[in-house]
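See structure below.
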Amino acid sequence: MAPRLIITGSTGYIGARLVAMARERGFDVVELGRRPGAKWRIGDEPAASDLEGAIGLVHLAHSWATPPEAAEEEENVNISGTLKLAEAAKATGVPHFVFASSTSSRKEALNVYGRTKFRIEEHLAASKAAPIVRIARIGLVYGGPRTAMYGLMAKLAALSPILPMIGLSRKVQPIHLDEVAAGLLALATGENQPLQTIVLAQEKPISFATWLRILRRAQGKGNLRFIPVPLTAALLACRMTKLLPLIPTVDPERVLGLAGAAPMESSESLKLLKLNLSDPAMVLAGEFGQTHEEQSRCEAQALLRYLGIAPTEIQLQRLCEGLRREGLSPLGLSPAMIRHPGLLALFEPPANRTRHRLAQALYLADLTSEPERTPGKKAGFFGAMLVISSDVLLFPLRALLAGRYR
């Protein structure tokens, strides 16, 4: 019979990967709060039948509904709910309760999240469940799906070669999503681990500025320069992002967490769990590289379709190679333009510009298709007039939007 593992917060960034990894390794995973018949929300008393027979419980769920003034109060549902869950696990014989904390966990943390995590750790250490509790302080998680804080940082790093930012000299400790999941799984199922508090983070911290440059280079972008921003101005900008379209919304909690970041010793924890962390730059280069190949192929297909060509495999391969050789891959076409190539008409320059990236890409696409192209039927008078009219009507938009892919 497969060993039973309980996980809360199973739909989150870390939780989803942990569930997948546990099932890959043969565990019977109970997604508490998600599985039919195991309805649960943080703060609820869990049913004993949902906990019995489990070899471990990993608690990742967190409620963001708590107001800042109640961050350290026992009435905070994150504090009371975690205690209730841990003591219920102890009462039903679950041998390991893993609480997912953070390297921002400090009594004096600037953000509510860090202070709340610290208070939960204190309460767990003083509770009846203390003998089964293992605390995992997790560093800056990256990799996998570009969501959560990782997705936001990747977007910001790629947005512009000049980036206003706070906390550039602050030290961060990146750790890949898969490494976090492996560490949590080891804590929930392993025996004879003397440390109650484990730090899952890189041994050698790097500056936040270095981290953002790694993210930008992994996405095939150039160097990144910064404009240092005071904390008060950054918090004001966070509020503005909620009002402005086309800009990633930034939660002030994230900014405060970064502003108060400080490294934690992790070498003993990693050695105990037998985790050898990968170099983030190399891992990200591989992950984004694979994404770039897929993006380049989709863009090549859109360029050919825009020219009225049903692309063959040979044409796609030839065009992808040509775009890569000329430094035009990827162009950065939006998903909407890839799905509807006709939209490229709005961004094609109004005149032949050899230094315009989109014009160069379309020229390559035209050359690529030429060997297999069959002569088409010549347009009649009305067809020619329609083309001329559309060019005249689109001229102002093209003149305005052509700079997008220059």
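Heavy atoms only: backbone and side chains are in, while hydrogens, waters and symmetry mates are out.
- The closest donor-acceptor contact from the side chain of Gln219 to the backbone of Leu215 lies under 3.5 Å.
- Between atom CD1 of residue Ile138 and atom CD1 of residue Ile198 there is a gap of 11.5 Å, rounded to the nearest 0.5 Å.
- For the atom pair CD1 of Ile309 and CG of Leu319, the computed distance is 9.0 Å after rounding to the nearest 0.5 Å.
- From Arg23, atom CZ reaches atom CG of Leu5 across 10.0 Å, with rounding to the nearest 0.5 Å.
- Annotation: side chain of Glu299 is in contact with side chain of Ile338 (closest heavy-atom distance under 4.5 Å).
- Side chain of Lys128 to backbone of Ala86: no donor-acceptor contact under 3.5 angstrom is found.
- Inter-residue side-chain proximity for Thr189 and Phe27 is flagged as met; some heavy-atom pair is nearer than 4.5 Å.
- Listed here is the closest heavy atom pair of Ala89 and Phe97: CB-CD1, 4.3 Å.
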Practice prompt. Start with the C-alpha gap between Glu87 and Lys90, add the side-chain angles, then the distance that decides, and say whether salt bridge (Lys or Arg N to Asp or Glu O under 4.0 Å) holds.
Written response: CA-CA 5 Å; Glu87 290 178 351; Lys90 176 73 166 62; over 6 Å; no

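- Few gaps surround CZ on Phe226; more than 12 heavy atoms of other groups in view lie less than 6.0 Å from it.
- Proximity of Pro145 to Leu177: side-chain heavy atoms (C-beta onward) are separated by under 4.5 Å at one or more points.
- Between Arg324 and Glu321 there is a salt bridge, since a side-chain N of the basic residue sits under 4.0 Å from a carboxylate O of the acidic one.
- No more than 12 heavy atoms of other residues, nucleotides or ligands shown are found within 6.0 angstrom of CG on Asn276.
- A donor-acceptor pair under 3.5 Å links the side-chain atoms of Arg170 to the main chain of Ala261, judged by distance alone.
- Counting heavy atoms from C-beta on, the side chains of Leu184 and Ile7 never come closer than 4.5 Å.
- Ion pairing between Glu265 and Arg137 fails under the 4.0 Å rule for side-chain N and carboxylate O.
- The minimum heavy-atom distance between Gln301 and Pro311, with the atom names listed, is CG-CG, 3.8 Å.
- Here the side chain of Arg119 pairs no donor or acceptor atom with the backbone of Asn76 at under 3.5 angstrom.
- Note on Glu287 versus Arg146: no salt bridge recorded, every NZ/NE/NH1/NH2 to OD/OE distance being 4.0 Å or above.
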Worksheet item: Met153 and Leu140: side chain to side chain contact (heavy atoms under 4.5 Å, CB included), yes or no, with the steps?
Response: CA-CA 11 Å; Met153 288 188 294; Leu140 190 63; 3.7 Å; yes

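- A salt bridge does not link Glu268 to Lys271: none of the charged nitrogens lies less than 4.0 Å from a carboxylate oxygen.
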Item to complete: Would you please test Met165 and Leu156 for side chain to side chain contact (heavy atoms under 4.5 Å, CB included) and show each step?
Response: CA-CA 10 Å; Met165 187 54 65; Leu156 289 175; 4.3 Å; yes

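- Other residues, nucleotides and ligands contribute at most 12 non-hydrogen atoms within 6.0 Å of the CZ atom of Arg225.
- Contact of the Glu203 side chain with the Leu277 side chain is not registered, since no non-hydrogen atoms from C-beta on lie closer than 4.5 Å.
- Atom-to-atom distance recorded for Leu187:CG and Leu273:CG is 5.0 Å, nearest 0.5 angstrom.
- Side-chain N or O atoms of Gln202 include none that pairs as donor or acceptor with a backbone N or O of Gln173 at under 3.5 Å.
- Checked by atom type and distance alone, the side chain of Lys84 pairs as donor or acceptor with a backbone atom of Gly43 at under 3.5 Å.
- Pairing each heavy atom of Ala136 with each of Val98, the nearest pair is CB-CG1, 4.4 Å.
- Checking His59, His62, His123 one by one against Thr82, the side-chain hydrogen bond (donor to acceptor under 3.5 Å, both in side chains) holds for a single residue, His59.
- The closest side-chain heavy-atom distance from Phe99 to Arg134 is not below 4.5 Å.
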Worksheet item: Going through the distances and angles, do Glu313 and Arg297 end up as a salt bridge (Lys or Arg N to Asp or Glu O under 4.0 Å)?
Response: CA-CA 10 Å; Glu313 184 62 31; Arg297 185 178 175 84; 2.6 Å; yes

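- The minimum heavy-atom distance between Pro46 and Ala88, with the atom names listed, is CG-CB, 3.6 Å.
- With rounding to the nearest 0.5 Å, the separation of CG in Asp28 from CD1 in Ile6 is 9.5 Å.
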Item to complete: Begin with the C-alpha distance, continue with both residues' side-chain angles, and end with the deciding distance and a verdict on side chain to side chain contact (heavy atoms under 4.5 Å, CB included) for Thr8 and Trp40.
Response: CA-CA 9 Å; Thr8 72; Trp40 173 88; 3.8 Å; yes

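- In terms of heavy atoms, Leu275 sits closest to Ala182 at CD2-CB, 4.1 Å.
- Side-chain contact between Leu303 and Thr368: absent, with no pair of heavy atoms (C-beta onward) separated by less than 4.5 Å.
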Worksheet item: Between Glu179 and Ser278, is a side chain to side chain contact (heavy atoms under 4.5 Å, CB included) present by the stated rule, with each step listed?
Response: CA-CA 9 Å; Glu179 294 163 344; Ser278 304; 3.3 Å; yes

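- No side-chain donor-acceptor contact under 3.5 Å links Arg17 to the backbone of Asp178.
- Taken from CD1 in Ile166 to CD1 in Ile227, the straight-line distance is 14.5 Å, to the nearest 0.5 Å.
- A donor-acceptor pair shorter than 3.5 Å cannot be found between the side chains of Ser266 and Ser269.
- Scanning both residues, Leu163 and Leu224, for their nearest heavy atoms gives CB-CD1, 4.1 Å.
- With no hydrogens or angles considered, a side-chain donor-acceptor pair links Ser105 and Glu121 at under 3.5 Å.
- Two residues are said to be in side-chain contact when any heavy atoms from C-beta on lie closer than 4.5 Å; Arg216 and Arg213 fail this criterion.
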